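Keep in mind that this is a model prediction, so the values were computed, not measured. All residue numbers refer to positions in the sequence shown, counting from 1.
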Amino acid sequence: MITLGVFMLEDFKSFLVGHLTKALVVDLEDRLRAEAVKAHEMVRNHAGLNKKRSRELEGHARFRMMEEGFEAVCKQHGGATLHDGVIPLTELKVFQPFSRFGREGRGVILGLAAMPEPQKLPNRNMSRSAGVSLNYYLTPRLELDDAGPRVGDIFVLLLVARDRARAGKIEEIAIGVVDSGYSFFLFYETLDKFLAGGEDAPTSAPDPTPLGVKLKRSPKPFVPPEQQPKKDDDTGAV
């Protein structure tokens, strides 16, 4: 069984689904895909730039337009934009539109980020660095002291990777939780899987490399010696 701090992974997935509703996630996906198309068409039809400059301008425009749409959709679904750009119960400032979902107790602070490609960490900036500091107690570590923030909220990113083969298209949108050291994903699921409603058991992020205690996994099923492959077996069985 995989654990994330005080959460079992199944409980963690349920917690996220309870705060990031299906209606919210579907509306965000629709809006972000629409903004990507709009940015492409705007630059293609009106910028009058060469291919390289058009691609650069489209990238900047796409993210800013997505930010605007992200903030609008979050407000429509009851998300509260962080007051004065400060993370609750901290003095950490953010400069991107982060929205909080949850009224009492532990909640979710949702941000938007562009991935260079699927399952790759987005660029680190001041806002995201401040956000992931909330995830200190989700990161595997030996509990040798009582240091670190105790805020209660979890910082979650809506991650978008453009389609590098098709202009104006999105290759993947995912829900991701980054560790407090901004080194790896603690949790990563594409929107399709996130919305599947438990049809598949949730999985941890791809190839995490935490520096602390390793995550515990379910034991492998016992295979009797007579059924195990020989060492010189070249069938690829393990």
Side-chain angles (χ1 to χ4, degrees), residues 1-32 70 73-82 87-89 98-113 115 118-119 121-122 128 131-141 143 148-161 172-208 210 212-219:
M1 181 66 65
I2 303 172
T3 61
L4 293 173
V6 297
F7 284 98
M8 289 297 194
L9 190 58
E10 286 83 353
D11 295 335
F12 185 70
K13 170 71 177 289
S14 297
F15 173 82
L16 294 183
V17 170
H19 287 79
L20 306 177
T21 65
K22 183 175 181 179
L24 165 68
V25 173
V26 169
D27 283 353
L28 282 171
E29 179 179 21
D30 289 345
R31 183 65 177 267
L32 296 185
F70 169 85
V73 171
C74 286
K75 286 181 179 178
Q76 290 171 5
H77 287 268
T81 302
L82 299 192
I87 293 180
L89 304 181
F98 290 171
S99 292
R100 186 180 187 277
F101 293 88
R103 295 184 178 179
E104 297 180 1
R106 188 184 290 267
V108 164
I109 293 178
L110 183 65
L112 175 69
M115 298 180 285
Q119 300 186 0
L121 285 174
R128 293 170 200 152
V132 300
S133 68
L134 302 185
N135 297 338
Y136 179 85
Y137 278 100
L138 298 180
T139 304
R141 56 174 37 85
E143 299 289 346
R150 289 184 177 274
V151 177
D153 287 350
I154 294 172
F155 180 66
V156 181
L157 282 171
L158 183 65
L159 300 153
V160 183
E172 183 163 296
I173 304 179
I175 299 292
V177 179
V178 181
D179 77 296
S180 59
Y182 216 96
S183 302
F184 56 92
F185 285 116
L186 290 162
F187 177 91
Y188 182 100
E189 282 192 357
T190 64
L191 285 198
D192 287 344
K193 187 170 184 180
F194 187 77
L195 293 171
E199 293 177 6
D200 297 317
T203 60
S204 63
D207 191 28
V213 181
K214 291 185 178 180
L215 299 174
K216 295 182 179 180
R217 300 182 181 273
S218 300

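In this structure, Y182 contributes its side chain and V132 its backbone to no donor-acceptor pair below 3.5 Å.
Nearest approach of P122 to L157, heavy atoms of both residues: CG-CD1, 4.1 Å. A pairwise comparison of heavy atoms in K13 and K193 identifies NZ-O, 3.8 Å as the closest pair. Taking each heavy atom of C74 and L28 in turn, the nearest pair found is SG-CD2, 4.3 Å. When all heavy atoms of D27 and V73 are compared, the closest pair comes out as CB-CG1, 3.8 Å. The heavy-atom pair separating E172 from M115 by the smallest distance is O-CE, 4.2 Å. The shortest non-hydrogen separation linking R100 to R106 is NH2-C, 4.4 Å.
Between F15 and H19, the ring-plane angle classifies as tilted under the 30° and 60° cut-offs. Taking the six-membered ring where tryptophan is involved, the planes of F98 and F155 are tilted, since the angle between them lies from 30° to 60°.
Note that the CG atom of L134 and the OG atom of S180 stand 10.0 Å from one another [nearest 0.5 Å]. The distance from atom CG of L159 to atom CG of L191, rounded to the nearest 0.5 Å, is 9.5 Å. For the atom pair OH of Y188 and CD of Q119, the computed distance is 5.0 Å after rounding to the nearest 0.5 Å.
I154 is listed as a side-chain neighbour of N135, based on a closest heavy-atom distance under 4.5 Å. Looking only at side-chain heavy atoms (C-beta outward), D153 and I87 stay at 4.5 Å or farther from each other. Within the 4.5 Å cutoff, the side chain of F70 has heavy atoms near those of the L110 side chain. I175 has its side chain within reach of L158: a pair of non-hydrogen atoms, C-beta onward, lies under 4.5 Å apart. Put simply, the side chain of D179 does not reach to within 4.5 Å of the side chain of L138, judged on heavy atoms. For the pair L32 and L112, the minimum side-chain heavy-atom distance is below 4.5 Å. Contact annotation: the side chain of F187 approaches that of L16 to within less than 4.5 Å [non-hydrogen atoms, C-beta and beyond].
Evaluation of the salt bridge (Lys or Arg N to Asp or Glu O under 4.0 Å) rule for R31 yields E35 as partners, not counting sequence neighbours. Residues passing the side chain to side chain contact (heavy atoms under 4.5 Å, CB included) test with A23 are T21, H77, sequence neighbours excluded.
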- Task: Any chance you could lay out the side-chain contact (heavy atoms from CB on, under 4.5 Å) test for F185 and V178, step after step, and finish with the verdict?
- Result: CA-CA 4 Å; F185 285 116; V178 181; 3.8 Å; yes
